Amino acid sequence: MEGEDEDHEFLFNTSADQSFNKHERVIIHIDIDCFYAQVEMILNPSLRGKPLGIKQKNIVVTCNYEARALGVEKLMTIKSALEKCPSLILANGEDLKKYREMSEKIYQVLQSYSLFVEKLGFDENFIDVTHKVVKCPEVPQVITGHTFQDSDGICACGCTERLAQGSFIAQKMRDRLRDELGITSCAGIAFNKLLAKLIGTTHKPNQQTTLLSTSSLSLIKSLKHPRNIPGIGSAINRKLEALGIDTIEKLQSAEIFKLTEALGAKIANQIQQLSFGIDNSHVKITDRPKSIGAEDGFTPIRSEVEVQKKLTCLLDRVLELVEKDGRKPSQLKLTVRKLHPSSHSVRESRQTTIEYATETGSSTHQGPGGEKQKVKLMTTLKNLFEKIIDCDVSWQVTLLGISFSGFPSSNSASPVKNSINKYFHLKASSSRSEEPQPPAKRGRFDESVLQELPPDIRQEVLQDMQNQLPSSDAQKPTDFNCPKGIDPLVFYELPMEIREELLAEERMKKQTIKRKPNNLLQYFRKAS
DNA sequence: TAGACTCAG
DNA sequence: GATTCTGAGTCTA
């Protein structure tokens, strides 16, 4: 009877639901300490030890710990930051290129430990290491770093041992980020994403904390206010306050129909679960971006000439990113922030389908996108602008944004470059022509294929894939991300394309050495 | 599918 | 509370 129930659940629930009941998963959350500031200090070491703020427009978006100690806070205006701390050094952080690049390096280091890495912004990552933990029981059973445990109870399901192994892996990850990239970070280790993220913030900077399952409720309650739960933003919070819900306990005991009335069933259920520390969402492997864009805010402009100037700059910036990405977008969106006479502003956007001409193979290449292409896109943007703004009456605009989307799905667009991808691309039709393909940016694959597998097969595939990755042993820190015989510091200075080439060569070499027949391939072939 | 809205860092 | 800039996701029409 019980077995039947379990089977039933097994068919309809996600693996995450299954795992939750026994705290089966081991999730690591890595948060880079004051990310933008660290990048600036790496690029310019003379900034170290001095109070440093990163500015965007008239705002200090983040700052280093020296500045924080002197009273500078995130999102402070430059004026008040300088009042607080006259010695504050300001670095311009409006161009995100350097941060994007470092973020990508971090992702690659983390992905050499587990395929399941999910990016959250530039400076945070979730890593599911469950399959690594159950497969290496010889790792020390002592928790590395801090432990959050405020009760004597020990869970009997074995999660404490698994989390201890997770904390060991987290330490290795952080050591590598420090040694290879010069980046310090915090880590939280727990049995779900929500708790891993929350626990990681309890010891900062450059430390890590593991949450034992018996203490998850007290961690959640220590947040005091529902707004502090990730997933509850300002809009949801406003509605909760309207219901008189301003503590975690009130949210826990709120009647679900009242929450549903205010927020809809989905959000209502979700946030009430979160208030108990329950989060069944799985670590979703970060795919290539679905949209690529840029926006710029400014003091009000009132003429079409000014708009055209701004859009030209923006378009150049975005086209550079799109060209670097290599995929061909089919949608273009323009966002405009209008300033109303009543002094409140509203965002409006319009989008349209476009014909994007790739320059690859063209003899008339004239820089990113080509001039002809740019003129055409500018015309499209002008049309979109006129759909939003009636130029016959007076208007003021304080922000313009351009975003490309509608990229071909990863299965058909990006070449299958590494062995891991090969497994997953077998699901898709492989009858594509041999047209020139854009460079692959990262080893990504269709995770849904994996999720569809029976658990035993999934485990086997995971293990198999993990075996194909170079070891994550701390003794060989540069194995995966840097080909043998190349100084990692030199390697990371190389352009992305060159690095991809070198890594691809390295992989090819390894495959030819140890490729063995694999009957799992048959499984995928049948499935496709 | 377009567009608004909400969330995140 | 919103401010920066970027991107994902959901909901409605």
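Just so it is clear, the model here is predicted, and its values are computed rather than measured. Chain letters run A, B, ... following the sequence lines, proteins first and then strands; every chain starts at 1. Excluded from the calculations below are hydrogen atoms, water molecules and symmetry mates; all remaining heavy atoms, backbone and side chain alike, are included.
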- Could you check E348(A) against T335(A) for side chain to side chain donor-acceptor pair (under 3.5 Å), going step by step and ending with a plain yes or no? CA-CA 6 Å; E348(A) 271 187 52; T335(A) 301; over 6 Å; no
- Rounded to the nearest Å, what distance is computed from the CZ atom of residue R238(A) to the P atom of nucleotide dC5(B)? 11 Å
- Message: Quick check: on DNA chain C, is the nucleotide nearest L314(A) upstream (toward 5') of the one nearest M76(A), or the reverse? Name the residue that is more 5'.
- Response: M76(A)
- Task: For D325(A) and R327(A), run salt bridge (charged side-chain N to carboxylate O under 4.0 Å, His left out): C-alpha distance rounded to whole Å, both residues' side-chain angles, the deciding distance at 0.1 Å, then the answer.
- Result: CA-CA 6 Å; D325(A) 179 90; R327(A) 290 170 299 165; 2.6 Å; yes
- Task: Would you mind telling me which residue lines up with the more 5' stretch of DNA chain C, S291(A) or N237(A), judged by nearest nucleotide?
- Result: N237(A)
- What integer number of Å spans the P atoms of dG1(C) and dT6(B)? 15 Å
- Under 4.0 Å between a side-chain N or O of Q331(A) and OP1 or OP2 of dT1(B)? no
- Taking the side chain as every heavy atom from C-beta outward, state whether K74(A) and R68(A) have any pair of such atoms under 4.5 Å apart. yes
- Ignoring backbone atoms, establish whether R347(A) has a side-chain N or O less than 4.0 Å from OP1 or OP2 of dC5(B). no
- Evaluate whether atom NZ of K382(A) has more than 12 neighbouring non-hydrogen atoms of other residues, nucleotides or ligands under 6.0 angstrom away. no
- Base, sugar-phosphate, or nothing: which does K266(A) touch, judged by heavy atoms less than 4.0 Å apart? sugar-phosphate
- Message: Under a 4.0 Å threshold between the charged nitrogen and the carboxylate oxygen, would K79(A) count as salt-bridged to E83(A)?
- Response: yes
- Item | Residue-phosphate contact under 4.0 Å: S349(A) side-chain N/O, dA4(B) OP1/OP2 | yes
- Task: May I have the distance from K204(A) (atom NZ) to dG9(B) (atom C1'), rounded to whole angstrom?
- Result: 12 Å
- Task: Calculate the interatomic distance between I271(A) atom CD1 and dT6(B) atom P; express it in whole Å.
- Result: 14 Å
- Task: Please report, rounded to the nearest Å, how far the C1' atom of dG9(B) is from the CG atom of D33(A).
- Result: 15 Å
- Touch check for S403(A), heavy atoms < 4.0 angstrom, all strands: base, sugar-phosphate only, or nothing? nothing
- Task: Using a strict cut-off of less than 4.0 Å between a Lys/Arg side-chain nitrogen and an Asp/Glu carboxylate oxygen, indicate whether E295(A) and R337(A) qualify as a salt bridge.
- Result: no
- Query: When the P atoms of dA2(C) and dC5(B) are considered, how many whole Å apart are they?
  - Reply: 13 Å
- Task: Indicate, with a heavy-atom threshold strictly under 4.0 Å, whether I267(A) touches base, sugar-phosphate, or nothing.
- Result: nothing
- Give a yes/no answer on whether the side chain of K197(A) brings an N or O atom under 4.0 Å of OP1 or OP2 in dG9(B). yes
- Query: For E295(A), which contact category applies under a 4.0 Å heavy-atom criterion: base, sugar-phosphate, or nothing?
  - Reply: base
- Message: At a heavy-atom distance below 4.0 Å, which nucleotide of DNA chain C is the first touched by chain A, and which is the last?
- Response: dT3(C) to dC11(C)
- Query: Counting any heavy atom closer than 4.0 Å, what does G231(A) reach on the DNA or RNA strands: base, sugar-phosphate only, or nothing?
  - Reply: sugar-phosphate
- Message: If you only use heavy atoms from C-beta on, which nucleotide in dT6(B), dA2(B), dG9(B) is closest to the side chain of I236(A)?
- Response: dT6(B)
- Item | Atom pair distance, as rounded to whole Å: CD in Q270(A) and P in dA8(B) | 11 Å
- Give D31(A) one of three labels, base, sugar-phosphate or nothing, depending on what nucleic acid heavy atoms sit under 4.0 Å from its own. nothing
- Please give, in whole Å, the distance from dC7(B) P to I232(A) CD1? 9 Å
- Message: For K338(A), I'd like to know if atom NZ has over 12 heavy atoms of other residues, nucleotides or ligands within 6.0 Å.
- Response: yes
- Query: Rounded to the Å, how far apart are L274(A) CG and dC7(B) P?
  - Reply: 13 Å
- Query: Do the charged groups of K172(A) and D179(A) touch, with an N to O distance under 4.0 Å?
  - Reply: no
- Task: Only one of I27(A), I28(A), I30(A), N192(A) passes side-chain contact (heavy atoms from CB on, under 4.5 Å) with F126(A); say which it is.
- Result: I27(A)
- Message: Just to be sure I understand the rule, does E348(A) reach a base, reach only the sugar-phosphate, or reach nothing, if contact means heavy atoms closer than 4.0 Å?
- Response: sugar-phosphate
- Item | Value in whole Å for how far the P atom of dG3(B) lies from CD1 of I388(A) | 8 Å
